[in-house]
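Only one structure is covered here, and it is reproduced in the block below.
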Amino acid sequence: MTAVGLEAYLIVGAILFCLGLIGFLARRNLIVMFLCAEMMLQGVAINLVAFARFRGNLQGQAFVLFIIAVAACEAAIALVLILMLYRRKQSLDVSLWQDMHEAGWEPADDLDDPLPPPPAPEQYPQLQPAGKEPPRKEERTHV
Amino acid sequence: MNLFAQARAGEQVAGRGLIDQLALLLNREWGLLLTLLIGGLAVFLLLPRPRPYPRLYGVAAGVASLVLVAVLILRPMGVSPEVVLFYAFSALSVVSGAMLVTQEAPARAALSFALVVLSTTGLFLLLAAPFLMAATIIVYAGAIIVTFLFVIMLAQQHGHSDADSRSREPALATLTGALLLAVLLYIIRTGHDTGRLDGYVATLRSAQQAETVEEVRRLVDPVEPGNPAGADDNSVLARSQVTLRDLGMRDLANRMMELEQPGWIDLINRKVDDKDAAAKHLDEVKALAAQAEELLLQGRDRLGAAPPREGRLLSNLSGPSAAAPPAEIRRDPKTRVPHLPAENAAHLGRSLYTDFLLPVEIAGTLLLVATVGAIAIAQRPGSKPDDPPTPTSWTNAGPPENTQ
């Protein structure tokens, strides 16, 4: 029996997929949401390559190549769309677009839960300004 | 017997009520549920919040859930370089994935994703896909992540903003992910569980090491004294027939049935007197056990595979055709994993340009369309920025008090 079975790789793929799902649903930064979607694709890729290995077929690996190609296209288009959204609101926060919600749904409100204030900027001790520069003696000899 | 004892005895419970079935499931899969509970708790505690829980609790829960996955969910494997590397790469990828999901600063999240990609490519290398390893590193870690790091640099110059320190519905998101993971892991386990077949194979292998026919009979077909062998349908051969039929491999089950009757029953019940004939008898019995073991190993190889559709020949340019009889696939004799060509890139190229020619062309067209589309959208005359964003979150200009 092989040391590492097909099941083990499928489990790793499933864990990565579900972690990506949690991140996509929970995070608010558009870029981080996109990266979580890419992590879901990585989980699927592990599945496909594992099946290719344990069936003796290269079809799974060819599929992963197409996934990479599609992911690159998707990254380009997503980048451009995020750029468009950023130009409108000057922020990468997806909650700013909550006005596009469906009817009868109340958007979340963050004002009640403010962040703790940032630490005050560091105060450095004020030193006396350095004294006047003493006059230099003229060089008598020049080499 | 109460329901839980029945579950431990492995009896069928189809036909019972829903609550009963759920209780049975809970009892049988308690390891899975415990692991997911602790893992979900770890992710929930670590998701960014304005006032986060102490990091230590989340990290401790995460480490505990990783250990539980290794112990309860992954079947124990031996110690070998492959196993050690597999554990290292998969642990690194899961930890980096958790970091990607829970890091506040988006730049750190992007770097964690780079680590996810690198460990995933390590797993690709373990799975005999060196070209994919290189391609993934170049495209993902080299292009996509760098591009998005640039975007983060240009869009959020003051580190992480208020929005990054908050999560949308962390509890529901974690619950959704954990529920999906539970279903996936359960399906993987039941679809690829080789436990029963492995048990039969182990018995047959130890039978082949036996010294006398009596020992073989005791291992393979424990019968009541006085009953002839095969009378109780309790032998390994009979039970493995039932298992093979349950798993849907009727042809193997039929061949096992032919092996058992009349082959096994006649052989094991034969009375032999002199020594030479006894030695030959033992060899015949062991040969039959070897045949049965081979059938079970073939069943194990096919476990979880969908049978190809009748009547359609699939090409063999990407590897052995899925419609080929299982005996034709070349396997490594010890590990029974099919051989993959050593020249991975060459054979992958051949597969792409013969079997997958149309998808390759379509992918090329897709890349072209994406490029044109991206440039076209970005070139649009700059849209006016909206009114200043509502004060639910800071903009990328940082907190209001900070003047720099």
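In what follows, every chain begins at residue 1, and chains take the letters A, B, ... in the order their sequences are listed.
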Per-residue contact mode, [X] against chain A (heavy atom under 4.5 angstrom):
{"X": "B/Thr102", "answer": "backbone"}
{"X": "B/Val139", "answer": "side chain"}
{"X": "B/Arg189", "answer": "both"}
{"X": "B/Leu127", "answer": "both"}
{"X": "B/Val94", "answer": "both"}
{"X": "B/Phe113", "answer": "side chain"}
{"X": "B/Ile144", "answer": "side chain"}
{"X": "B/Asp301", "answer": "backbone"}
{"X": "B/Tyr140", "answer": "side chain"}

Closest non-hydrogen atom pair, [X] against [Y]:
{"X": "A/Val12", "Y": "B/Ser93", "result": "CG1-OG, 4.2 Å"}
{"X": "B/Val101", "Y": "A/Cys36", "result": "CG2-SG, 4.3 Å"}
{"X": "A/Gln59", "Y": "B/Ser318", "result": "CG-CB, 3.8 Å"}
{"X": "A/Ala62", "Y": "B/Leu352", "result": "CB-CD2, 3.9 Å"}
{"X": "B/Leu181", "Y": "A/Ala14", "result": "CD1-O, 3.5 Å"}
{"X": "A/Arg55", "Y": "B/Pro320", "result": "O-CG, 4.4 Å"}

- Message: If you apply the rule side chain to side chain contact (heavy atoms under 4.5 Å, CB included), what do you find for B/His192 with A/Leu6, and how did you get there?
- Response: CA-CA 8 Å; B/His192 294 267; A/Leu6 175 62; 3.5 Å; yes
I'd like to check [X] versus [Y] (side-chain heavy atoms, cut-off strictly below 4.5 Å). Are they in contact?
{"X": "A/Ile46", "Y": "B/Phe124", "value": "yes"}
{"X": "B/Asp164", "Y": "A/Arg28", "value": "no"}
{"X": "A/Ile22", "Y": "B/Thr176", "value": "no"}
{"X": "B/Val116", "Y": "A/Glu38", "value": "no"}
{"X": "B/Leu180", "Y": "A/Phe17", "value": "yes"}
{"X": "A/Leu58", "Y": "B/Phe131", "value": "no"}

Under 4.5 Å from any heavy atom of chain B, what part of [X] do you find: side chain, backbone, both or neither?
{"X": "A/Ala120", "answer": "neither"}
{"X": "A/Ile82", "answer": "side chain"}
{"X": "A/Leu16", "answer": "side chain"}
{"X": "A/Phe51", "answer": "side chain"}
{"X": "A/Leu10", "answer": "both"}

Select, from [options], the one with the greatest count of heavy-atom pairs under 4.5 Å involving chain B.
{"options": "A/Leu83, A/Leu79, A/Val94", "result": "A/Leu79"}
{"options": "A/Val49, A/Leu92, A/Val32", "result": "A/Val49"}
{"options": "A/Gly13, A/Gly60, A/Ala69, A/Ala50", "result": "A/Ala50"}
{"options": "A/Val70, A/Val64, A/Leu81, A/Ile67", "result": "A/Val64"}
{"options": "A/Gly23, A/Ala45, A/Ala26", "result": "A/Ala26"}

If you measure from [atom1] on [X] to [atom2] on [Y], what distance do you get to the nearest 0.5 Å?
{"X": "A/Phe54", "Y": "B/Arg336", "atom1": "CZ", "atom2": "CZ", "result": "13.5 Å"}
{"X": "B/Arg166", "Y": "A/Asp93", "atom1": "CZ", "atom2": "CG", "result": "9.5 Å"}
{"X": "A/Leu48", "Y": "B/Leu132", "atom1": "CG", "atom2": "CG", "result": "10.0 Å"}
{"X": "B/Leu368", "Y": "A/Cys73", "atom1": "CG", "atom2": "SG", "result": "9.5 Å"}
{"X": "A/Leu25", "Y": "B/Thr174", "atom1": "CG", "atom2": "OG1", "result": "9.0 Å"}
{"X": "B/Leu340", "Y": "A/Asn57", "atom1": "CG", "atom2": "CG", "result": "8.5 Å"}

- Query: How far apart are the C-alpha atoms of A/Ile68 and B/Thr136, what are their side-chain angles, what is the distance that settles it, and do they pass the side chain to side chain contact (heavy atoms under 4.5 Å, CB included) test?
  - Reply: CA-CA 7 Å; A/Ile68 293 177; B/Thr136 308; 3.4 Å; yes
- Message: So, using salt bridge (charged side-chain N to carboxylate O under 4.0 Å, His left out) as the criterion, who are the partners of B/Arg168 when residues are at least two apart?
- Response: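 B/Arg168: no salt bridge (charged side-chain N to carboxylate O under 4.0 Å, His left out) contacts found.
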- Task: Taking the six-membered ring for Trp and the full ring for Phe, Tyr or His, determine whether the centres of A/Tyr9 and B/Phe86 are under 6.0 Å apart.
- Result: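 Here the rings of B/Phe86 and A/Tyr9 have centres that are less than 6.0 Å from each other.
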Output the option from [options] having the highest count of non-hydrogen pairs under 4.5 Å with chain A.
{"options": "B/Leu366, B/Leu184, B/Ile377", "value": "B/Ile377"}
{"options": "B/Leu367, B/Leu126, B/Leu348", "value": "B/Leu348"}
{"options": "B/Ala110, B/Ala129, B/Gly39", "value": "B/Ala129"}
{"options": "B/Val360, B/Leu47, B/Val369", "value": "B/Val360"}
{"options": "B/Gly78, B/Pro359, B/Ser90", "value": "B/Pro359"}
{"options": "B/Leu317, B/Leu179, B/Val151", "value": "B/Val151"}

- Count the heavy atoms belonging to other residues, nucleotides or ligands that lie under 6.0 Å from CZ of A/Phe63, then report whether that count exceeds 12.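 For A/Phe63, atom CZ is not crowded (no more than 12 foreign heavy atoms under 6.0 Å).
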- CZ (B/Arg108) with more than 12 external heavy atoms under 6.0 Å: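 No - once you tally the heavy atoms of other residues, nucleotides and ligands closer than 6.0 Å, there are 12 at most.
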- Task: Start with the C-alpha gap between B/Phe148 and A/Leu30, add the side-chain angles, then the distance that decides, and say whether side chain to side chain contact (heavy atoms under 4.5 Å, CB included) holds.
- Result: CA-CA 10 Å; B/Phe148 279 92; A/Leu30 281 168; over 6 Å; no
- For the pair A/Arg53 (side chain) and B/His339 (backbone), establish whether a donor and an acceptor sit closer than 3.5 Å, ignoring hydrogens and angles.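 It does not hold such a pair.
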- Query: Between A/Arg27 and B/Gln103, is there a donor-acceptor pair closer than 3.5 Å when you use the side chain of the first and the backbone of the second?
  - Reply: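 It does hold such a pair.
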- What do the steps show when you test A/Glu7 against B/Leu74 for side chain to side chain contact (heavy atoms under 4.5 Å, CB included), and what is the final call? CA-CA 8 Å; A/Glu7 201 185 356; B/Leu74 292 174; over 6 Å; no
- Can you list the residues that meet the side chain to side chain contact (heavy atoms under 4.5 Å, CB included) rule with B/Ile138, with sequence neighbours excluded?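 Here no residue qualifies.
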